Undergrad: 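One structure, as C-alpha cells, below. Some questions next.
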Amino acid sequence: MEVEIAVKDKRIATVVQTGPGGLQPRRRKSNAGRKPDVTPENWLEIGLRELGRKGPGSLRLDALCKKLGITKGSFYWYFSGRADFMSKLLRTWEERETLALIEHVEMLGGTPAEKLRKLFTEANSGRVNFRTEQAIRHWGHSEPAIRDMLHKVDHERIEYLRRQFAALTADSVIVETQATLLYSLIFGEAMIYRREERGRRRQRQDAAFHAVMRMSAAGSDR
C-alpha cells in the first residue's frame with residue numbers, strides 16, 4: 001500500500017510504501033543532471049552543429065555536455081545510449097534537409113518546372129547545411145549505418161526530382177539524366193570553392209539550371 005507523508009499541510013515528493021519492514025521509500029527515476037530548459041531538441045541541435053563544425057569526433061558525450069553546461073544525467077534522461085542518440089540525430093538531419101525542404105516546395109505549389117526551380121533556389125540559398133552534409137557523407141565511408149541512411153536520403157531526394165521531370169517528358173532516359181544532373185549541380189555549387197560576385201554566381205546558376213531543363217523539350221521532340 002502506498003501512502004504520502006504530509007508535513008505542515010504540504011505534501012512532499014517522497015512516496016513510501018508499507019511492507020514487512022515498515023515504511024520504505026519507493027524508487028523514482030532521478031532528475032539529476034537534467035536542466036528544465038534542456039530538451040531532446042537541444043541535444044540534437046548541438047549534435048548537428050558540432051558534427052558540421054568538427055566532424056564525428058566532436059560527438060563525444062563529455063564534449064556535448066560541456067557545450068550545453070549540463071551533466072551526463074540529462075543525456076540518459078532522453079536517450080538510452082549513443083546508438084539511440086545517433087539514430088535520432090540522423091533522423092533529424094533527414095527531416096530537416098530532405099523532408100522539410102520537399103514539404104516547403106510542395107506548400108509553395110506551382111507546376112513541376114516551377115517546383116524544380118524553387119527547390120534549386122532553396123538549396124542554394126543557405127537553407128541546406130552543407131557542412132553537416134559533408135561531415136555525414138565523409139562519416140559514411142567508415143560507418144555502415146551512416147551509409148545506409150545516405151542511400152535512403154539520396155533516393156528520397158532524387159526520386160522527388162525524378163517525379164517532377166517525369167511530368168515534363170515521357171522519355172525515361174532523359175528524366176533519369178535530368179534528375180541526376182540537377183542533384184549533382186546542387187552539390188557541386190555547395191562543394192566548389194569559387195571567388196565570384198553574387199550577381200555573377202546567380203547568372204551562372206540560372207544558366208546551368210535552364211540547360212538541364214531544356215533537355216525535357218528535346219525529349220518531347222523525339
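Predicted model only: the values in this text are computed from it and were never measured.
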Undergrad: Tell me whether the rings of Phe75 and Phe79 are parallel (<30°), tilted (30 to 60°) or perpendicular (>60°).
TA: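 Aromatic pair Phe75/Phe79 classed tilted.
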Undergrad: Using 4.0 Å as the upper bound for N to carboxylate O, is an ion pair formed by Glu189 and Arg204?
TA: yes
Undergrad: Could Lys152 and Glu159 be called an ion pair, given the rule that one side-chain N must be under 4.0 Å from one carboxylate O?
TA: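 Salt bridge flag = no for Glu159 with Lys152.
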Undergrad: In terms of ring plane angle, is the pair Phe120 and Phe209 parallel, tilted or perpendicular, where the classes change at 30° and 60°?
TA: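 Ring orientation, 0 to 90° scale: parallel.
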Undergrad: About how many Å separate CG of Leu44 and CE of Met86, when rounded to the nearest 0.5 Å?
TA: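 With rounding to 0.5 Å, CE (Met86) is 10.0 Å from CG (Leu44).
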Undergrad: Please confirm whether the backbone N or O of Thr71 pairs with a side-chain atom of Ser74, one donor and one acceptor, at under 3.5 Å?
TA: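 Not at all, since once roles are kept as given, no pair shorter than 3.5 Å links the two residues.
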Undergrad: Taking Glu50's backbone N and O only, do any of them form a donor-acceptor pair with Ser58's side chain (distance below 3.5 Å, no angle check)?
TA: yes
Undergrad: Begin with the C-alpha distance, continue with both residues' side-chain angles, and end with the deciding distance and a verdict on salt bridge (Lys or Arg N to Asp or Glu O under 4.0 Å) for Glu45 and Arg96.
TA: CA-CA 11 Å; Glu45 182 69 37; Arg96 287 186 182 183; 2.5 Å; yes
Undergrad: Check this for me, if you would: do Arg157 and Glu94 make a salt bridge, where the nitrogen-to-carboxylate-oxygen distance has to be below 4.0 angstrom?
TA: no
Undergrad: Got a donor-acceptor contact below 3.5 angstrom from the Gln164 side chain to the Lys115 backbone?
TA: no
Undergrad: Measure centre to centre between the rings of Tyr78 and Trp43, then say whether the value is under 6.0 Å.
TA: no
Undergrad: Between Asp154 and Arg137, does any side-chain N to carboxylate O distance fall below 4.0 Å?
TA: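 A salt bridge links Asp154 with Arg137.
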Undergrad: Show your working on side chain to side chain contact (heavy atoms under 4.5 Å, CB included) between Trp139 and Met149 and close with a plain yes or no.
TA: CA-CA 11 Å; Trp139 197 3; Met149 173 58 81; over 6 Å; no
Undergrad: Taking only Lys NZ, Arg NE, NH1 and NH2, and the carboxylate oxygens of Asp or Glu, determine whether Glu114 and Lys118 approach each other closer than 4.0 Å.
TA: no
Undergrad: Salt-bridge test for Asp206 and Arg117: reply yes if a basic N is under 4.0 Å from a carboxylate O, no otherwise.
TA: yes
Undergrad: Please report the shortest heavy-atom distance between Leu59 and Leu64, naming the atom on each side.
TA: O-CD1, 4.1 Å
Undergrad: When the aromatic ring centroids of Phe187 and Phe130 are compared, is their separation below 6.0 Å?
TA: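 Yes, close enough.
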Undergrad: By salt bridge (charged side-chain N to carboxylate O under 4.0 Å, His left out), which residues pair with Glu197, not counting sequence neighbours?
TA: none
Undergrad: Shortest non-hydrogen contact from Gly140 to Arg147?
TA: O-NH1, 2.7 Å
Undergrad: Walk me through whether Trp93 and Val153 qualify under side chain to side chain contact (heavy atoms under 4.5 Å, CB included).
TA: CA-CA 10 Å; Trp93 169 71; Val153 166; 3.5 Å; yes
